[in-house]
Each structure stands twice: as structure tokens, then as C-alpha cells.
Amino acid sequence: MTATGLPPSLLATLPGSAYTDPEVFTAEQQHLFEAMWFCAARLSDLDGPGAYRTVQIGRESVILTRNRAGQLRAFLNICRHRGARICTQDSGAVKRNFQCSYHAWTYDLDGKLIAAPNLTKMPDLDRVEYGLVTVQVKEWLGYLWVCLAAEPPSFAETVQQAVTERLGSLAAIDSYTIEALTVGRRIVYDVRANWKLIVENFMECYHCATIHPELTEVLPEFADGYAAQYYVGHGAAFGQDIQGFTVDGSPGFEPLPGLREDQDRRYYAITVKPQVFINLVPDHIIFHRMFPLAPDRTVVECDWLYTNEVVATGKDVSRSVELFHRVNQQDFDACERTQPAMSSRAYRDGGVLVPSEHHIEAFHQWVQASTGKFVPTSGCAKPED
Ligand code: FES
Ligand SMILES: [Fe+2]
């Protein structure tokens with residue numbers, strides 16, 4: 001037994017309340033989703049000036065758009081007059097400005113206030129000062145990342161560092177040319193589970209043999225329970241008879257141009273905290289973005305990215321989409337089966353991590369240190385009557 005009261009092969013998880021408590025979730029919104037770089041949209045979702053998407057990041061609704069020069073812009077979705085929401089749709093396009101539907105204050109695509117009823121009678125009103133509140137943006141891997149913090153953390157030391165820590169180098173992801181790929185399929189999952197359950201699930205493969213028959217067929221080493229994320233720089237090898245990363249192991253497409261030889265016939269997985277999973281296989285990328293909306297609800301947007309040639313020529317992507325779509329459904333079903341137990345007395349002090357899951361403890365410690373919420377438990381307390 002260790003000081004925690006657990007045998008050495010086990011580590012404690014977070015207590016159940018970490019997955020249900022609204023106060024914990026608020027702390028996560030404030031200290032994680034609103035403070036870190038958050039991957040909000042694929043650049044192709046914003047295909048020209050005035051095209052917009054609205055996304056929920058922490059407690060804020062954010063408008064993503066392009067200005068007249070095509071540059072990316074992000075604003076809080078709040079009118080500076082009396083606070084009405086500007087965009088009420090998830091996506092759309094405006095010609096040249098955003099107009100509030102309450103008293104018609106009107107903002108250009110850079111957020112500047114350009115018109116309002118009787119505006120000439122208020123010559124002292126500074127139009128930039130009373131423009132939409134701007135949010136910082138960054139482009140990487142063909143995605144728009146935004147940060148609500150006034151002083152964002154270093155992108156290199158957070159987002160890109162997560163990739164380096166997993167793959168061994170940042171250059172290893174460049175050969176996949178993710179920024180040049182095209183969305184061949186997008187599936188949006190509305191998962192009734194806490195976002196941390198989804199992260200933990202993605203980080204381990206102890207469950208692979210039980211719930212992922214198709215995936216373990218393609219990646220036989222996953223049947224042993226050790227996820228690719230357990231090791232630095234490790235990609236899980238395809239099985240000998242497997243021709244492609246498809247639901248039945250049938251051939252996929254040509255390897256992505258520029259792919260290194262040692263990256264062929266391998267699967268790599270990366271978690272970019274707090275809300276991105278990147279899956280690399282030779283001929284496509286599966287890119288997950290989570291939008292945590294409530295303690296027990298997370299919307300996951302999953303993109304399957306292929307070369308433009310594959311998408312433009314209408315090649316059949318269904319067999320490769322089907323493999324990870326099934327994996328997603330299997331994983332999210334497991335997370336949804338787990339969520340109700342988080343409020344059970346049986347889980348008041350949490351559960352345990354087996355050796356192949358021990359690396360998840362670092363994620364728990366990170367959440368805890370970042371939010372200042374929930375203390376470690378002994379992991380061995382008995383439920384009380
Ligand atoms: S609240 Fe938007 S114009 Fe009044
Ligand atoms: Fe899984």
C-alpha cells in the first residue's frame with residue numbers, strides 16, 4: 001500500500017463531483033476554455049468576407065468571420081449598446097456588416113461601429129471604442145484557434161508543445177500538410193458526458209479490446225491495452241494483412257504527399273489540451289474539436305481531412321470515415337454510460353487507474369492545478385450508507 005492507501009499498481013482518479021459539479025465546470029470555463037488557445041473552426045468554414053460562424057467558448061459566444069480583405073477576425077457576440085446577441089445563427093454570411101436586431105447598431109467586419117440610429121447626434125462616441133470586443137486569433141493546421149484571454153499564453157509553448165511532446169518533434173506533423181487538406185466529411189456528435197471523460201477515454205486504450213473490434217483489427221497492438229499516447233514518438237503499426245486505415249482493412253488512398261517513410265502504415269494520436277484530438281494516418285487525418293457546453297454535455301465536431309484531389313474527384317471516403325465514426329460512437333457511448341455514475345455514492349471518491357492508464361494522472365493534475373478545484377482523494381474510501 002502507498003501513502004494514498006492504494007496498491008502501487010493503482011492510482012486514484014478525480015472524485016465523481018469533478019464531472020458533475022457546476023462550480024468545477026465554471027472554473028474550467030474560466031481557467032481553461034477562456035484562458036487557453038481554443039480550436040474553433042476549420043478555415044474553410046469561413047470561405048470569404050462576411051462568412052461567419054458562432055461558437056461557444058467557455059461562457060462566451062464568439063463570432064468568427066473574415067473582413068473585406070479576407071483576414072480572420074473574432075469578436076464577442078455581444079452588442080455594445082445594451083448587450084443583445086448579434087448573430088443568433090450557428091453560421092451564415094453577411095454582405096458587409098453585422099447589424100444588431102434590437103436598435104440597429106451596425107458594425108463592420110473589423111468590428112468597428114459604423115452606424116446607429118441618431119449616431120450623428122453623439123459626436124463624442126468613439127466608433128472603435130464602442131466596436132465589438134475583439135478576440136485574438138491564430139491560424140494553424142488549417143484551423144482557426146482563438147484565445148479569449150487579454151494576454152494569451154504562448155501558442156508555441158502550449159498548442160505546438162503538445163504536438164512536440166507526443167511526436168518527438170514539431171516537424172513530424174508538418175509532413176502531413178494538414179493545412180492543405182480538405183474536409184471530406186464532418187460529423188457532429190452531441191455527447192451527454194463531461195469533457196474530461198472524453199479526454200481520458202481518448203488517452204487510454206485499456207478499453208480498445210473490449211469496445212473497438214474494428215480498430216484493434218487494423219491496429220493489433222491496441223488489443224494489449226497500451227495506447228499510442230503511452231509512449232513518446234510511437235505510432236501504432238497496422239496489422240500485416242491490413243491495406244488501409246478503413247473499416248475492413250481494405251486499401252485507402254495514396255499516402256499524403258511529403259509523408260515520411262517511417263510514418264507510413266502507422267497511426268499517431270495527439271491530445272492538445274484542453275479540447276483537441278488529432279489522429280494521423282498515412283492517407284487522411286481525423287481531427288476532433290470538443291465544445292464543452294455543460295458539466296454533462298460536450299459537442300464534438302469531427303473532421304475527416306483528405307487531399308483536395310481525393311475530395312474533388314469524388315473518391316469514396318466512406319470506408320475510412322466509417323472506421324473512426326464507429327470508434328467515436330463506441331467511445332462516446334462508453335462515456336455516456338459512465339457519466340451517470342459520476343454522481344453515485346459509489347464514485348464519491350473516484351475510481352482507479354491501472355498501469356496502462358497511469359499517464360492520465362498527469363491530465364488530472366493539470367486540470368486541478370489550472371483550476372484550483374477538487375483535492376486528490378485517497379482513492380480507497382468506501383461508500384457510506
Ligand atoms: S442592444 Fe444592440 S442596438 Fe441596442
Ligand atoms: Fe476508444
Side-chain angles (χ1 to χ4, degrees), residues 54 61 63 75-89 94 97-108 111-122 125-127 129-133 187 189 191 193-230 235-236 245 247 267-271 276-281 286-288 290 298 300 302 321-339 353-354 356-357 359-360 363:
T54 53
S61 172
I63 304 172
F75 311 108
L76 298 187
N77 189 8
I78 301 286
C79 182
R80 296 300 305 282
H81 173 222
R82 295 219 344 265
R85 183 154 287 198
I86 305 275
C87 293
T88 53
Q89 306 292 319
V94 294
N97 51 53
F98 293 103
Q99 186 174 64
C100 179
S101 59
Y102 196 174
H103 314 88
W105 278 34
T106 305
Y107 306 89
D108 72 12
K112 185 180 166 193
L113 179 65
I114 51 167
N118 310 327
L119 188 58
T120 50
K121 302 216 173 81
M122 300 174 266
L125 190 158
D126 184 306
R127 294 175 182 214
E129 171 85 24
Y130 285 89
L132 296 176
V133 175
I187 300 179
Y189 304 85
V191 187
N194 185 271
W195 68 280
K196 297 191 295 300
L197 289 180
I198 300 174
V199 172
E200 292 159 11
N201 172 275
F202 187 73
M203 291 180 76
E204 55 94 356
C205 209
Y206 191 44
H207 66 270
C208 289
T210 327
I211 70 172
H212 295 319
E214 302 87 356
L215 184 65
T216 45
E217 193 67 32
V218 173
L219 306 172
E221 67 182 72
F222 274 13
D224 298 336
Y226 283 87
Q229 297 198 59
Y230 189 80
F245 197 77
V247 70
Y267 162 89
Y268 296 86
I270 308 162
T271 303
V276 174
F277 307 143
I278 309 172
N279 305 270
L280 309 170
V281 292
I286 305 118
F287 202 107
H288 298 79
M290 292 193 292
T298 309
V300 184
C302 184
V321 170
E322 184 63 16
L323 175 53
F324 226 91
H325 174 52
R326 286 196 198 177
V327 170
N328 284 339
Q329 286 179 315
Q330 291 154 350
D331 281 333
F332 300 154
D333 282 354
C335 293
E336 289 185 341
R337 281 201 302 282
T338 306
Q339 181 65 34
L353 300 170
V354 301
S356 64
E357 301 170 310
H359 57 295
I360 294 174
F363 170 67

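Keep in mind it's a predicted model, so treat the numbers as computed, not measured. What you see below is based on every heavy atom in this structure, not just the backbone, and it leaves out hydrogens, waters and symmetry mates. Just follow the structure's listing: the first ligand is 1, and inside any ligand the first atom is 1.
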(message) With a 4.5 Å cut-off on side-chain heavy atoms, are Leu119 and Leu113 touching?
(response) yes
(message) Would you say that Leu197 contacts Val191 through its side chain, given a criterion of any heavy-atom pair below 4.5 Å between the two side chains?
(response) no
(request) For the Fe ion (ligand 2), decide whether Asp331 has an N, O or S atom at a distance under 2.8 Å. (result) yes
(message) Just to confirm my output: which protein heavy-atom neighbour is closest to atom 3 (S) of ligand 1, and how far is it?
(response) His103 N, 3.2 Å
(request) Look at the N, O or S atoms of Cys208, main chain and side chain alike, and state whether any lies under 2.8 Å from the Fe ion (ligand 2). (result) no
(message) At less than 4.0 angstrom from any non-hydrogen atom of Ala84, what atoms of ligand 1 do you find?
(response) 1 (S)
(request) Taking both backbone and side-chain atoms into account, decide whether His81 has an N/O/S atom under 2.8 Å from atom 4 (Fe) of ligand 1. (result) yes
(request) May I ask you to check if any N/O/S atom from Cys205 comes under 2.8 Å of the Fe ion (ligand 2)? (result) no
(request) Kindly confirm whether atom 4 (Fe) of ligand 1 is within less than 2.8 Å of some N/O/S atom in Cys100? (result) no
(request) Answer side chain, backbone, both or neither: which part of Ala104 comes under 4.0 Å from ligand 1, heavy atoms only. (result) backbone
(message) Between Glu200 and Lys196, does any side-chain N to carboxylate O distance fall below 4.0 Å?
(response) no
(message) Rounded to the nearest 0.5 Å, what separates atom OG1 in Thr54 from atom CD1 in Ile86?
(response) 12.0 Å
(request) Answer with yes or no after comparing the ring centroid distance for Tyr189 and His288 against a 6.0 Å cut-off, counting only values under it. (result) no
(message) Just checking Tyr267 against Phe222, ring centres under 6.0 Å apart?
(response) yes
(request) If you have a sec, work out which protein heavy atom is nearest atom 1 (S) of ligand 1 and how many Å separate them, to one decimal? (result) Arg82 N, 3.3 Å
(message) Working note: Phe202 + Phe277, criterion ring pair (Phe, Tyr, Trp, His ring centres under 6.0 Å); need CA distance, chi angles, decisive distance, verdict.
(response) CA-CA 8 Å; Phe202 187 73; Phe277 307 143; 4.0 Å; yes
(request) Number the atoms of ligand 1 from 1 as they appear, then name those within less than 4.0 Å of a heavy atom of Trp105, with their elements. (result) 3 (S)
